[in-house]
4 protein chains.
Amino acid sequence: MAQVSASRWQRKKDARPSEILDAALTLFVEKGFSATKMEDIARAAGVTKGTPYLYFQNKEEIFKAMVRHHLSSRLNAFVELEQQHTGPVGELLQILLLKWWDEVGATPAAGLCKLAIAEATNFPELARFYSTEVISPCLSMIEHILRRGMDSGEFRVLPIASSSDALLAPLVMAMTWAHSFAKVVPDVCGYSHQYSRAHLSEALQLVLQGLKNPTYEN
Amino acid sequence: MAQVSASRWQRKKDARPSEILDAALTLFVEKGFSATKMEDIARAAGVTKGTPYLYFQNKEEIFKAMVRHHLSSRLNAFVELEQQHTGPVGELLQILLLKWWDEVGATPAAGLCKLAIAEATNFPELARFYSTEVISPCLSMIEHILRRGMDSGEFRVLPIASSSDALLAPLVMAMTWAHSFAKVVPDVCGYSHQYSRAHLSEALQLVLQGLKNPTYEN
Amino acid sequence: MAQVSASRWQRKKDARPSEILDAALTLFVEKGFSATKMEDIARAAGVTKGTPYLYFQNKEEIFKAMVRHHLSSRLNAFVELEQQHTGPVGELLQILLLKWWDEVGATPAAGLCKLAIAEATNFPELARFYSTEVISPCLSMIEHILRRGMDSGEFRVLPIASSSDALLAPLVMAMTWAHSFAKVVPDVCGYSHQYSRAHLSEALQLVLQGLKNPTYEN
Amino acid sequence: MAQVSASRWQRKKDARPSEILDAALTLFVEKGFSATKMEDIARAAGVTKGTPYLYFQNKEEIFKAMVRHHLSSRLNAFVELEQQHTGPVGELLQILLLKWWDEVGATPAAGLCKLAIAEATNFPELARFYSTEVISPCLSMIEHILRRGMDSGEFRVLPIASSSDALLAPLVMAMTWAHSFAKVVPDVCGYSHQYSRAHLSEALQLVLQGLKNPTYEN
DNA sequence: GATGAATGAGATTTCATTCAT
DNA sequence: AATGAATGAAATCTCATTCAT
């Protein structure tokens with residue numbers, strides 16, 4: 001009996017850190033790192049000022065834990081997808097990048113990308129972590145796919161690094177934009193710049209067209 | 001001859017604003033907007049706390065002046081170049097974007113781009129300013145060129161917005177990267193990601209290839 | 001019994017605002033509004049710099065709270081007294097004004113009057129607040145009483161505004177004097193000008209005599 | 001010849017202090033002591049920042065010089081008037097006090113009264129000076145007149161000090177009001193409280209009526 | 001005598017962090 | 001484990017005053 005109620009408390013205790021990290025994600029993404037007050041995080045997590053300090057040494061540690069919690073996990077699924085795919089890789093790239101958009105880019109987690117950029121020089125350790133955990137695996141995967149495409153004759157033979165940049169840049173820019181200018185500039189050049197899936201898809205197709213080997217017969 | 005030498009202070013007065021802006025650029029880019037103290041700027045410019053306020057109303061105005069000084073003014077030259085250009089616009093895009101890289105992207109001024117992204121939600125006013133002064137004119141120009149290319153048959157007829165994004169994204173990403181991860185992550189996927197002119201040029205060519213109308217005879 | 005003693009901090013929390021207001025009253029009255037530093041108030045209240053901000057948004061709000069605490073609240077009692085009173089109003093005026101002297105004029109709270117005058121042009125917002133909270137209600141009440149007196153034939157029929165000024169001026173001057181010249185000028189014309197209740201009472205009787213209708217039969 | 005131009009410069013040089021004091025009067029009265037910046041005074045006097053320091057040690061000294069310059073002179077005329085007057089003194093009081101209103105109360109110099117009150121505790125020396133130079137002579141004169149009135153039977157026999165207060169208070173309050181609340185509170189109790197000559201005159205008549213001996217036959 | 005660029009002490013306010021309860 | 005009152009360092013901006021010219 002004591003066991004039961006203890007476990008209920010225990011569950012609560014275990015849940016606290018996630019609750020705090022969830023709250024922190026929302027706020028950091030919305031307001032940026034320094035503009036987010038510890039007390040805001042606490043309140044959003046339904047606890048009081050002092051409580052976050054029971055679980056995290058300080059604000060910076062919350063930031064780091066948050067990235068670990070929200071990003072590191074999501075990547076394996078993508079790598080698997082890539083390995084299972086057969087057939088033309090142009091299609092695979094399209095699928096993977098739009099899937100990343102759907103599952104990350106269009107969600108609050110995209111804010112972490114902008115956050116990592118914004119705070120890279122302030123928290124080098126965090127940037128390194130993000131680079132290792134997110135950027136490197138992504139890039140590896142894209143480069144691997146590109147190589148497959150060039151080897152098979154589907155793509156022209158081009159420098160890998162710049163090709164992967166051309167492919168990823170629209171996605172990265174879309175995520176970054178969504179959590180910076182899009183928040184405060186309603187429209188630019190007369191039209192809204194809220195990136196849509198369709199918009200992104202068009203940009204990707206354009207780049208893929210540039211990659212395509214014109215003499216390749218499917 | 002005595003005429004020639006203005007008062008020592010007079011000379012200083014003329015030089016001060018630039019000195020302060022130079023100091024501010026370095027610090028802002030290195031540490032971010034809020035993390036840079038006015039006193040740091042002053043000290044870096046070789047004056048005391050109060051002096052920057054003789055020339056700029058406040059910190060935000062320093063940022064704005066920096067943007068005007070380093071970016072807005074340069075943009076005009078680009079617009080002129082565009083208007084004078086005749087012949088195929090693919091080449092024009094290549095020239096313009098690499099020129100932008102040479103004159104901005106590869107200089108400390110590129111940090112302003114990252115800065116604007118990083119601080120957009122903290123200082124909406126700054127983001128709006130940057131959007132009006134830099135993003136809008138750039139985008140207008142690129143879109144105008146794209147339309148010229150599509151009208152002349154040089155480019156395929158594609159959605160303008162996503163095409164300009166695909167074109168600009170590698171440049172923006174390069175500038176952003178240079179002032180965030182590049183500062184703290186030596187290399188990713190085993191090779192250095194310090195963007196080079198060649199690298200960027202390749203990525204642009206790839207996108208331009210995707211834009212090209214295969215049936216177009218020059 | 002354990003129930004009785006709230007936490008030490010809880011007790012403090014309840015007491016703090018008054019402690020801060022008391023400290024502020026003394027300092028404001030003594031040194032003026034701008035010359036009083038928030039840190040001085042804090043120190044005088046036995047806390048540190050940041051603590052007053054837990055209870056009051058800023059310095060102006062401290063002033064306002066002081067006015068509410070010492071003046072606004074007291075005024076209600078006066079208005080009630082006025083409404084309950086029957087019979088000749090000359091006597092009522094005498095009672096009310098001397099009561100105001102006893103409860104405000106002869107206490108440190110009188111300093112608020114001088115303060116409001118002194119800082120009116122520097123802090124218009126404060127002046128407006130004081131006007132709304134103190135001057136208007138006072139004046140309304142006095143004017144109402146004067147009208148009652150004129151209607152009943154007890155007083156001569158005279159312009160209300162100048163009559164109320166003549167009545168209130170000695171009281172206002174006494175309060176102002178006490179917190180300005182009296183602090184630094186021991187005596188004027190050879191006698192002390194520390195206003196006394198008797199002195200004020202004489203001045204009021206003189207004005208009341210001027211108001212009196214000589215043909216009125218009580 | 002050198003003489004001539006020297007004297008022209010000389011004249012300018014002699015005029016500077018007054019110009020500065022005039023400027024200071026306007027600004028101090030309008031904005032208060034601390035809110036008036038030295039640079040404002042300089043600019044209003046048509047010189048630059050450093051110049052006032054050539055003539056006055058600091059801001060406080062300007063304040064003191066200003067009072068000396070603007071008030072000390074005006075008082076003799078009033079004393080003479082009093083000594084020449086014969087006949088009922090009620091009329092004399094009315095004349096003198098309204099004359100004071102016309103020549104001081106309704107002019108910017110009235111602001112000095114409010115200023116002296118506001119800054120009395122900050123600048124005790126100034127307050128003492130004002131008391132000696134202005135308040136004492138005024139009070140002496142009024143008390144002397146009251147005594148004449150009581151001796152002749154024109155006035156009731158009452159305490160001198162409180163009688164003179166009742167007489168002066170409306171005038172003092174009017175001057176103080178004009179340079180404090182009147183500047184920022186448009187109207188109180190629904191009507192404008194910009195004191196007028198007529199208004200003041202009514203208040204004085206009321207007090208004089210209270211002083212009058214009912215059995216006195218003119 | 002006059003200028004005005006520069007100084008630097010100082011004031012308000014914020015907020016990450018602590019720690020008694 | 002949780003609270004929340006209190007701390008106090010730190011940052012922006014102002015302005016009286018100085019002093020080289």
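Chain letters run A, B, ... following the sequence lines, proteins first, then strands; residues in each count from 1.
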In whole angstroms, how far is the [atom2] atom of [N] from the [atom1] atom of [X]?
X: Phe63(A); N: dA16(E); atom1: CZ; atom2: P; answer: 15 Å
X: Glu39(A); N: dA16(E); atom1: CD; atom2: C1'; answer: 11 Å
X: Met38(D); N: dA6(E); atom1: CE; atom2: P; answer: 20 Å
X: Arg16(B); N: dT7(E); atom1: CZ; atom2: C1'; answer: 11 Å
X: Lys49(A); N: dT21(E); atom1: NZ; atom2: C1'; answer: 16 Å
X: Phe56(D); N: dG1(E); atom1: CZ; atom2: P; answer: 13 Å

*asked:* Judged by each residue's nearest nucleotide on DNA chain F, which is more toward the 5′ side, Thr48(C) or Thr36(B)?
replied: Thr48(C)
*On DNA chain F, nearest-nucleotide positions of Glu60(D) versus Thr51(A): which is more 5'?*
Thr51(A)
_Please classify the nucleic acid contact of Lys37(C) as base, sugar-phosphate, or nothing, using heavy-atom distances under 4.0 Å._
sugar-phosphate
*Determine the contact category for Lys59(D): base if any of its heavy atoms lies under 4.0 Å from a base atom, sugar-phosphate if only primed atoms, P, OP1 or OP2 are that close, otherwise nothing.*
sugar-phosphate
*asked:* Can you tell me if Glu61(C) has over 12 outside heavy atoms packed within less than 6.0 Å of its CD?
replied: yes
*asked:* Other residues, nucleotides and ligands only: do more than 12 of their heavy atoms fall within 6.0 Å of NZ on Lys183(D)?
replied: yes
*Considering only NZ, NE, NH1 and NH2 on the basic side and carboxylate oxygens on the acidic side, decide whether Glu125(A) and Arg128(A) come within less than 4.0 Å.*
no
*Just need the stems in DNA chain F: three or more back-to-back Watson-Crick or G-U pairs, each with both distances under 3.5 angstrom, sorted by first number.*
E:2-21 with F:2-21
_Min side-chain heavy-atom separation Tyr130(C)-Val185(D) under 4.5 Å_ = no
*Rounded to the nearest 0.5 Å, how far apart are CG of Leu115(D) and OG1 of Thr121(C)?*
8.5 Å
*Keeping the roles fixed (side chain from Lys59(C), backbone from Thr36(C)), state whether a donor-acceptor pair exists under 3.5 Å.*
yes
_Closest-nucleotide ordering on DNA chain E, the 5'-leading residue of Phe33(C) and Asn58(A)_ = Phe33(C)
*Of Leu54(D) and Leu54(B), whose nearest nucleotide on DNA chain E comes first from the 5' end?*
Leu54(D)
*Quick one: are the ring centres of Phe33(A) and Phe123(A) less than 6.0 Å apart?*
yes
*Taking only N and O in the side chain of Tyr55(C), is any of them less than 4.0 Å away from OP1 or OP2 of dA6(F)?*
yes
